[in-house]
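Computed over heavy atoms, backbone and side chain alike; hydrogens, waters and symmetry mates excluded.
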Amino acid sequence: MATKQVVIDPLTRIEGHLRIEIEAEGGKITNAWSETTQFRGIETIVKDRDPRDVWAFVQRICGVCTSVHAIASVTAVENAIGSHVPEDAKLIRALVLGSQEIQDHVIHFYHLHALDFVNVPSAAKADPQKTLEFAQQIGSKWRGNTLKRFTEVRDTVQAILDSGQLSVFTGGYWDHPDYRLPPEANLMCVAHYLDALQFQRSMIRINTVFGGKNPHPNFLVGGMASSLDPNSSESVNQVQLDQINNWVEETVEFVNDCYYPDVVAVASVYKDYFDIGPSHPNYFAVGMAGATFGGNPADSKESNPHTQVKPGVILGGDLTKVHPFDPKLIAEYVSSAWYEYSVGADKPLTPDKGETEPKYTGPKLPYKWIGNEYGGKYTWCKAPRYGDKPMQVGPVARVLLAYAQGHKRTKEIVDSAAAKLGISLDKINSTMGRTFARAVEAVTSADHLREDFAALQDNILAGKIDVFDPSHWDPSTWPAESSGYSFVEVARGNLSHWVSVKNGKVDRYQAVVPTTWLAGGRDASGTVGPYEQSLLYGGHPLVDPAQPLEPLRTIHSYDPCMSCAVHVLDPEGANGLTAVAL
């Protein structure tokens with residue numbers, strides 16, 4: 001049987017530009033390339049700038065993960081200049097990280113990934129009463145589950161179908177034979193899709209209160225720019241704290257009553273996807289979601305409030321041994337990326353000595369096929385390695401690390417769901433496992449959000465309202481030369497920023513983002529990155545090359561974030577592009 005070449009470009013419902021090239025034979029994927037088709041270059045832009053201002057530039061790396069880059073940046077700079085952040089500022093940062101992470105997970109499931117499993121047109125065929133009964137059967141206690149609501153949504157879907165204009169649902173592979181949910185489950189999920197739009201808008205206001213705006217809220221080296229005073233109209237006061245409390249409680253409710261039950265319900269119908277899409281069984285994290293360290297976590301004086309799960313590394317899928325995490329073992333290859341290193345293309349560089357020198361050697365636009373045709377170079381994404389091993393970062397890594405260290409709440413959720421779904425712990429390394437791990441993490445993160453806000457309120461009641469360390473604000477207090485770095489556990493995985501400061505200016509800057517770990521290509525030895533491995537392992541299915549739903553499910557399960565960008569879609573597939581709208 002002849003090998004078929006399949007191109008998914010642009011791969012949509014992600015952040016930024018990602019192109020996937022696949023070779024398939026007999027309904028199975030035989031080779032794959034993960035190709036980031038945009039150049040970031042922020043590291044070059046911030047060189048020679050005031051390090052106190054860099055957070056405002058680097059949070060523009062992305063239009064979704066804005067605050068996380070800012071926090072990683074200010075933490076790295078604080079590590080370099082010796083600033084120590086007050087407790088209230090740490091709590092505020094934890095609240096910002098927690099709210100952004102939960103919002104990201106909710107958006108990922110409902111608005112980016114669920115449509116790989118939920119057939120929207122099928123919802124028009126559902127019986128609203130049976131839909132209500134279905135929601136009750138799966139344990140969804142969401143207050144939006146009413147006969148009136150389900151009827152309204154069914155009628156709305158039918159009206160959209162009757163109009164012939166499917167709006168945001170245009171281009172979906174709705175006639176693909178592997179959509180399995182009954183109409184009632186589809187209607188429930190579409191209703192919750194719409195509810196999630198309202199929820200995520202409401203909860204992210206936590207970032208707006210503390211940062212002044214969203215996206216791209218304000219931050220400050222040495223603390224936070226948002227002053228605290230419950231009795232002042234010019235500061236974050238009691239009125240705003242009461243609003244935040246309401247948003248936190250709404251978050252706990254939505255995650256537990258709507259999001260988590262929906263994920264388990266969908267997973268129960270697509271249980272074979274716990275066997276599809278596994279990647280390298282190597283994982284690392286510096287703690288649970290929101291964990292933040294300035295410098296080496298082993299001796300960092302700046303950390304987040306959550307200490308139940310320690311930094312660690314899991315190798316070869318062996319959960320009986322958690323190895324200590326060593327930042328010095330991180331390095332990045334450009335063997336398959338359009339960059340050049342002063343040490344040569346096949347030697348890695350550690351991030352503290354990292355270089356961002358673009359050297360494009362690929363084809364002229366429009367791309368037709370890149371793959372293995374241009375000297376092994378096919379992406380703008382570097383290939384990070386830990387101890388020369390490809391690693392998975394993100395919810396799967398954090399959940400497995402928490403489980404291996406005996407985190408009580410994580411074990412309760414995972415063990416209960418595993419028994420219900422009939423899966424073993426190792427199956428979390430899979431397409432469906434990544435989706436499930438996000439839901440598990442959303443539950444524990446919602447608990448932490450409530451705890452962090454309670455701690456902040458207690459501090460304010462006790463008169464502790466300091467949010468800024470001024471002792472190292474002035475450059476005259478800095479060493480002539482210094483360097484620092486940070487590790488932050490954000491929605492998609494481990495984020496690290498690395499900075500060198502010389503004579504008061506940025507001399508070198510590097511950011512190793514979660515998607516770099518996951519989307520990076522082959523290294524000098526030819527070892528593929530996690531995205532590629534997920535498509536290559538175990539004969540990944542691809543039933544219809546014209547409707548590549550199965551690889552979309554796997555790649556979407558990572559929640560790709562290639563960086564902030566605008567998609568251009570040609571629905572006719574002109575200019576040599578294969579357009580995938582949904």
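Counting heavy atoms from C-beta on, the side chains of S335 and R522 never come closer than 4.5 Å. Using a 4.5 Å cut-off on side-chain heavy atoms (C-beta onward), P560 and Y531 make contact. Between R450 and E249 there is a side-chain heavy-atom pair separated by less than 4.5 Å. Under the 4.5 Å side-chain criterion, counting only non-hydrogen atoms from C-beta, H216 is not in contact with S67. Side-chain contact between L349 and V343 is present, with at least one heavy-atom pair separated by less than 4.5 Å. A heavy-atom distance below 4.5 Å is not found between the side chains of P311 and F487. No side-chain heavy atom of T515 sits less than 4.5 Å from a side-chain heavy atom of D559. Residues L425 and L400 form a side-chain contact, since some pair of their non-hydrogen atoms from C-beta on lies under 4.5 Å apart.
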List the steps and the verdict of side chain to side chain contact (heavy atoms under 4.5 Å, CB included) for E332 and T516. CA-CA 9 Å; E332 293 183 295; T516 313; 3.9 Å; yes
When you look at W338 and F39, which way does the ring pair (Phe, Tyr, Trp, His ring centres under 6.0 Å) test go after all the steps? CA-CA 9 Å; W338 291 309; F39 171 59; over 10 Å; no
Verify side chain to side chain contact (heavy atoms under 4.5 Å, CB included) between V501 and K505, making sure each step is shown before the conclusion. CA-CA 5 Å; V501 180; K505 302 293 183 181; over 6 Å; no
Dump the intermediate steps for ring pair (Phe, Tyr, Trp, His ring centres under 6.0 Å) on F254 and F199, then the final yes or no. CA-CA 8 Å; F254 187 87; F199 161 75; 4.3 Å; yes
Before you tell me yes or no, could you show the steps for W517 and Y386 under ring pair (Phe, Tyr, Trp, His ring centres under 6.0 Å), namely the whole-Å CA-CA distance, both residues' side-chain angles and the distance that decides it to 0.1 Å? CA-CA 10 Å; W517 282 100; Y386 179 89; 7.4 Å; no
Given Y259 and T251, is the side chain to side chain contact (heavy atoms under 4.5 Å, CB included) satisfied, shown in steps? CA-CA 10 Å; Y259 172 35; T251 299; over 6 Å; no
Could you walk me through whether I465 and N459 satisfy the side chain to side chain contact (heavy atoms under 4.5 Å, CB included) test, starting with their C-alpha distance in whole Å, then the side-chain angles of each, then the deciding distance to 0.1 Å, before giving a yes or no? CA-CA 7 Å; I465 58 174; N459 283 354; over 6 Å; no
Could you walk me through whether E78 and R93 pass the salt bridge (Lys or Arg N to Asp or Glu O under 4.0 Å) test, one step at a time? CA-CA 14 Å; E78 289 157 358; R93 291 181 185 181; 2.8 Å; yes
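Remark: the N237 side chain and the S232 side chain contain no N/O donor-acceptor pair separated by less than 3.5 Å. Counted by atom type alone, Q510 and D352 present zero donor-acceptor pairs between their side chains at under 3.5 Å. Side-chain atoms of Q238 and D242 include a donor-acceptor pair closer than 3.5 Å. Counting only N and O atoms by type, the side chains of S342 and E355 include a donor and acceptor under 3.5 Å apart. Residues T356 and Y509 have side chains that never bring a donor and an acceptor to within less than 3.5 angstrom of each other. For N214 and T208, the side-chain atoms include no donor-acceptor pair closer than 3.5 Å. For the residue pair Y485/T75, the side-chain donor-acceptor check at 3.5 Å is not satisfied. Using a 3.5 Å distance cut-off with no hydrogens or angles, the side chains of H280 and Q392 do not pair a donor with an acceptor. Defined by atom type and a distance below 3.5 Å, a donor-acceptor pair is present between the side-chain atoms of T435 and H113.
Judged by a 6.0 Å distance limit and a 45° cone about the ring axis, R508 is not positioned over the six-membered ring of W498. Geometrically, K359 does not engage Y339 in a cation-pi contact defined by less than 6.0 Å to the ring centre and at most 45° from the axis. In this structure, R49 forms a cation-pi arrangement with F57, its terminal cationic atom sitting closer than 6.0 Å to the ring centre and no more than 45° off the ring axis.
For the pair Q59 (side chain) and P217 (backbone), a donor-acceptor distance under 3.5 Å is present. Counting only distance, with no hydrogens or angles, the side chain of R60 and the backbone of A56 share a donor-acceptor pair below 3.5 Å. Formation of a donor-acceptor pair under 3.5 Å by the R19 side chain with backbone atoms of S34 is not found in this model. Of the possible donor and acceptor atoms, one in the side chain of D523 sits under 3.5 Å from a partner among the backbone N and O of G526. The backbone N or O of G521 lies less than 3.5 Å from no partner atom in the side chain of Y333, so there is not a single donor-acceptor pair. K90 contributes no side-chain N or O that, together with a main-chain N or O of G223, makes up a donor-acceptor pair within less than 3.5 Å. A donor-acceptor pair under 3.5 Å links the side-chain atoms of R434 to the main chain of G277, judged by distance alone. Put simply, the side chain of T379 gets close to the backbone of T36: a donor and an acceptor are under 3.5 Å apart. In this structure a side-chain-to-backbone donor-acceptor pair under 3.5 Å is missing from H556 to H108. Looking only at distances, no side-chain donor or acceptor of S483 sits under 3.5 Å from a matching main-chain atom of S500.
Ring pair Y360/W380 is parallel by interplanar angle, where below 30° counts as parallel and above 60° as perpendicular.
The line from CG of L91 to CD of E451 is 11.5 Å long, rounded to the nearest 0.5 Å. Atoms CZ and OG1, on R398 and T444 in that order, are 9.0 Å from each other to the nearest 0.5 Å. One finds the CG atom of L401 at 9.5 Å from the CG atom of L319 (value rounded to the nearest 0.5 Å). To the nearest 0.5 Å, atom OG of residue S202 and atom CG of residue L197 are 12.5 Å apart. Summarising the geometry, atom OG belonging to S227 is positioned 11.5 Å from atom CG belonging to D88; distances are rounded to the nearest 0.5 Å. Taking OG from S525 and CG from D388, the interatomic distance works out to 6.5 Å, rounded to the nearest 0.5 Å.
Closest approach of S279 to Y558, counting heavy atoms only: CB-OH, 3.3 Å. When all heavy atoms are compared, the tightest approach of L495 to A72 is CD2-CB, 3.8 Å. Summarising the geometry of D452 relative to A94, their closest heavy-atom pair is OD2-CB, 3.5 Å, with the distance given to 0.1 Å. Across L449 and S99, no two heavy atoms sit closer than the pair CD1-N, 3.7 Å. Across every non-hydrogen atom of V286 and E489, the tightest pair is N-OE2, 2.8 Å. Across S83 and D469, no two heavy atoms sit closer than the pair OG-OD2, 3.2 Å.
A salt bridge links K47 and D507; the closest N-O separation between the charged side-chain nitrogens and carboxylate oxygens is under 4.0 Å. Salt-bridge annotation for K464 and D458: absent, with no side-chain N of the basic residue lying under 4.0 Å from a carboxylate O of the acidic one.
The local environment of NZ in K213 is crowded, with over 12 non-hydrogen atoms from other residues, nucleotides or ligands closer than 6.0 Å. Summarising the local packing, NZ of K321 is surrounded by 12 or fewer heavy atoms from other residues, nucleotides or ligands at distances under 6.0 Å. Counting heavy-atom neighbours within 6.0 Å of K411 NZ, excluding the residue itself, gives a total above 12.
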